[in-house]
Protein chains: 2
Amino acid sequence: MANLKQLAHSLGLSITTVSRALDGYSDVSAATRERVREAAEAAGYRPNASARRLRKQRAELVAVTLPSDPGHVGPPHFLDMLSGCAEHLATAGLNLVIAPVPRGVSELEICQRFVDGRRVDAMLLVRTKRKDERVEYLQSRGIPFVTNGRTESLIPHPFIDGDGFAGFRAATLRFHAAGHRRIGHIAGPQEYYFAHVRRRGWQAAMEECGLATDLCAEGAPLEQGGYLAALELLRQPSRPTALVCATDEMAIGALRALREVDGGSQISIVGHDDLSMGAFTSPPLSTMRMTGENLGATFASLLLRAIAGEPAEDLQELHAIEFVDRDSHRRPPVAA
Amino acid sequence: MANLKQLAHSLGLSITTVSRALDGYSDVSAATRERVREAAEAAGYRPNASARRLRKQRAELVAVTLPSDPGHVGPPHFLDMLSGCAEHLATAGLNLVIAPVPRGVSELEICQRFVDGRRVDAMLLVRTKRKDERVEYLQSRGIPFVTNGRTESLIPHPFIDGDGFAGFRAATLRFHAAGHRRIGHIAGPQEYYFAHVRRRGWQAAMEECGLATDLCAEGAPLEQGGYLAALELLRQPSRPTALVCATDEMAIGALRALREVDGGSQISIVGHDDLSMGAFTSPPLSTMRMTGENLGATFASLLLRAIAGEPAEDLQELHAIEFVDRDSHRRPPVAA
DNA sequence: GTTGACTCCCAAAACGTTTTGGAGGATGTT
DNA sequence: AACATCCTCCAAAACGTTTTGGGAGTCAAC
């Protein structure tokens, strides 16, 4: 109800003075400033957001696209990340809007809708692809953004990511050191950067050990995808004795496949993401996770720095991946 | 870049005409309308959202507060719900912003911040309490809103909720019919409506069966809360033979407690929410879930109708709860 | 008593849209 | 010929804020 004009009128001051008093400018006397502040407080005055946005040419909004493609918007801890991110952004006066991508619409279109309508000052991108058209578009428009996950873009852009290559290489080497020789990989869709790089990590380790890299099956990054991929590997003439899975959800699907296949419980398994439910599967799922505190807040702070104009090269965070030791990777390597 | 003024100038028309042509008004000739449309398309024109919002006195935004209190923002499927909701709202030109509540700030304050700054046209509320100050505030301000979960507000308001009373009563009676006599309840914090009503459902069934209602322990609505509450019940001189748990997360904690306590695996258990991880616990967790398609879209459509001015009484949906049959409720009732 | 510096305040413009209240011309009606 | 009726179009106001570019007054210094 209360706007600047009414407030100014009731105080016998100009709109300008009231506005500047509330913004703490020095060209209004301390006494007046205080008087204005009290009146504003009493009237419950809050500046009209739309008006300020129009005038300041800033939307005070950031959007994150939610890929809804595979029936699932994202891993369960994803909401925690968004929440932490939104909370951090709020301290800078930015609100986070979630932009789900309806069936039949491309993520690019959603980006454009927000950017071209000047509805947002910046974007947050998740589930990046190796060649990601959203990244290309935003770069061409000069809109600040940060991705969760890298891309193969030639022009550098801000990102935060886990070092999937090192993580999956280390996990594979760990299995090798434990005596495994037939180590399979359950891969995610290779157009996603994370899936590709995790697979390359596994592959590198296998080659270092002089092992064949044919025990690899690809599936959707969901429980069902992991289930089907695992069945495929278990049908091989010489079964794997260990499975390195691109995600926990896939690993849980693989566990189900293992249960169904005779002798499957002998097979070691490890996933990635540290889903909380992994602690309650049987056996409890060993996994990997990105190191670092509060991913969401970091994500937000990178974005704020991008908006402030810091160069992309300074805004790239690659976090180490740590192993989470539970039970599912402890099966002994069965004799060939 | 492109705005109405530039577009109008390049077409040799007035701003008014261009604006009205794009909005499809009949007072601009079909020929002009088409010419304008093409030019707008070619220029990639999108109306400036802030300007329209200011002029139309609508924020085109809806916020949902995310309770971050217990370290956890909400059940895992919560994001799916929000995503479906945002998608549906988008068809009406509304975007959904997520408003996490930082530590030390009340949910009410967050509501006020959005409402008083006219940053939103309406609010979505989740995790309602029996006496919910957010509801009172929004009612007093006349802001449209819908809650996920009921409240004890005397003034009716739009909501969508599951019939926890009937669901928990039915589940308890099911245990009774299977021969159980000492049926415990692991309750959530009673200030939450859902927790209270679920407990009352259990209690009603127990009383109908002439059983004592002292086997009840309360905890935080998380794995840990369920774990502690279950331990408490298992310490009783005469242990329960079955546990009805307010949420799946609590039930999973209870399962852990059961594993740790001698003979615990004899105890039947059921939760509520149908978390996907419940299918992978051992034993797989029997549970309950609200019936109905796409909660998020329903939530959104109730809100749109509330914004359109439909009376609250017509916007209250109470959905039946169905039992999800897995393994954890099949333990035989041990003799007393 | 003029000048400059400083303090406190304000009118007006601007942001880009939608909407109001006509204007001007063509066409039809009396 | 006068009048009403459409059909197209438009100038200007309005939404509520921030910012620009001073204006008036006071005070001290020359």
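As a basis for the values below, the full set of heavy atoms in this structure was taken, side chains included, without hydrogen atoms, waters or symmetry mates. This one's a predicted model, so the numbers in the text were calculated from it and none came from an experiment.
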Atom [atom1] of [X] and atom [atom2] of [N]: how far apart are they, to the nearest Å?
X	N	atom1	atom2	value
L54(B)	dA14(C)	CG	C1'	12 Å
Y25(B)	dC10(D)	OH	P	17 Å
D116(A)	dG16(C)	CG	C1'	16 Å
H9(A)	dG16(D)	NE2	P	16 Å
K5(A)	dT18(D)	NZ	P	15 Å
L4(A)	dA11(C)	CG	C1'	14 Å
L22(A)	dT19(D)	CG	C1'	15 Å
R119(A)	dT17(C)	CZ	P	13 Å

Expected output: side-chain [X] to main-chain [Y] donor-acceptor under 3.5 Å:
X	Y	value
Q316(A)	I160(A)	no
R130(A)	E191(A)	no
R37(B)	R35(B)	no
D132(B)	R134(B)	yes

Compare all side-chain heavy atoms of L66(B) with those of F78(B) and state whether any distance is below 4.5 angstrom.
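Heavy-atom side-chain distance check passes, below 4.5 Å.
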Is the shortest side-chain heavy-atom distance between L125(A) and L138(A) below 4.5 Å?
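SC-SC contact between L125(A) and L138(A) confirmed.
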Does a distance-only test, which skips hydrogens and angles, find a donor-acceptor pair under 3.5 Å between the side chain of [X] and the base of [N]?
X	N	value
D27(A)	dC8(C)	no
S14(B)	dA11(D)	no
R55(B)	dT18(C)	yes

Selection from [options] that lies nearest to any side-chain heavy atom of [X]:
X	options	answer
Q57(A)	dG16(C), dT20(C), dT18(C)	dG16(C)
R52(B)	dG16(C), dT17(D), dT17(C)	dT17(C)
Y45(B)	dG16(D), dT18(D), dT17(C)	dT17(C)
V28(A)	dC9(C), dC9(D), dT18(C)	dC9(C)
R20(B)	dT18(D), dT18(C), dT19(C)	dT19(C)

Quick one: on DNA chain D, does S26(B) or K56(B) contact a more 5' nucleotide (nearest heavy atom)?
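Taking each residue's closest nucleotide, the earlier one in sequence belongs to S26(B).
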Could you check whether [X] gets within reach of a base, just the sugar-phosphate, or nothing at all, counting any heavy atom under 4.0 Å?
X	answer
I15(A)	base
S29(A)	sugar-phosphate
R53(A)	nothing

Roughly what angle, to 10°, lies between the helix axis at the start of the helix from dG1(C)-dC30(D) to dT30(C)-dA1(D) and the one at its end, five pairs per end?
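End-to-end axis angle for the helix from dG1(C)-dC30(D) to dT30(C)-dA1(D): 70°, rounded to 10°.
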Measuring to OP1 and OP2 of dG16(D), would you say a side-chain N or O of S50(A) lies under 4.0 angstrom away?
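No, outside the criterion.
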Any side-chain N or O of T32(A) below 4.0 angstrom from OP1/OP2 of dC9(C)?
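Checking T32(A) against dC9(C): at least one side-chain N or O falls below 4.0 Å of OP1 or OP2.
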For T17(A) and A51(A), take the nucleotide of DNA chain C holding the closest heavy atom to each; which residue's nucleotide lies nearer the 5' end?
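Upstream on the strand: T17(A).
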Does this structure show an ion pair linking E60(A) with R119(B), if we count only N-O contacts that are shorter than 4.0 Å?
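Salt bridge flag = yes for R119(B) with E60(A).
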Could you tell me whether R150(B) and D161(B) make a salt bridge, using a distance below 4.0 angstrom between a side-chain N and a carboxylate O?
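Salt bridge: yes.
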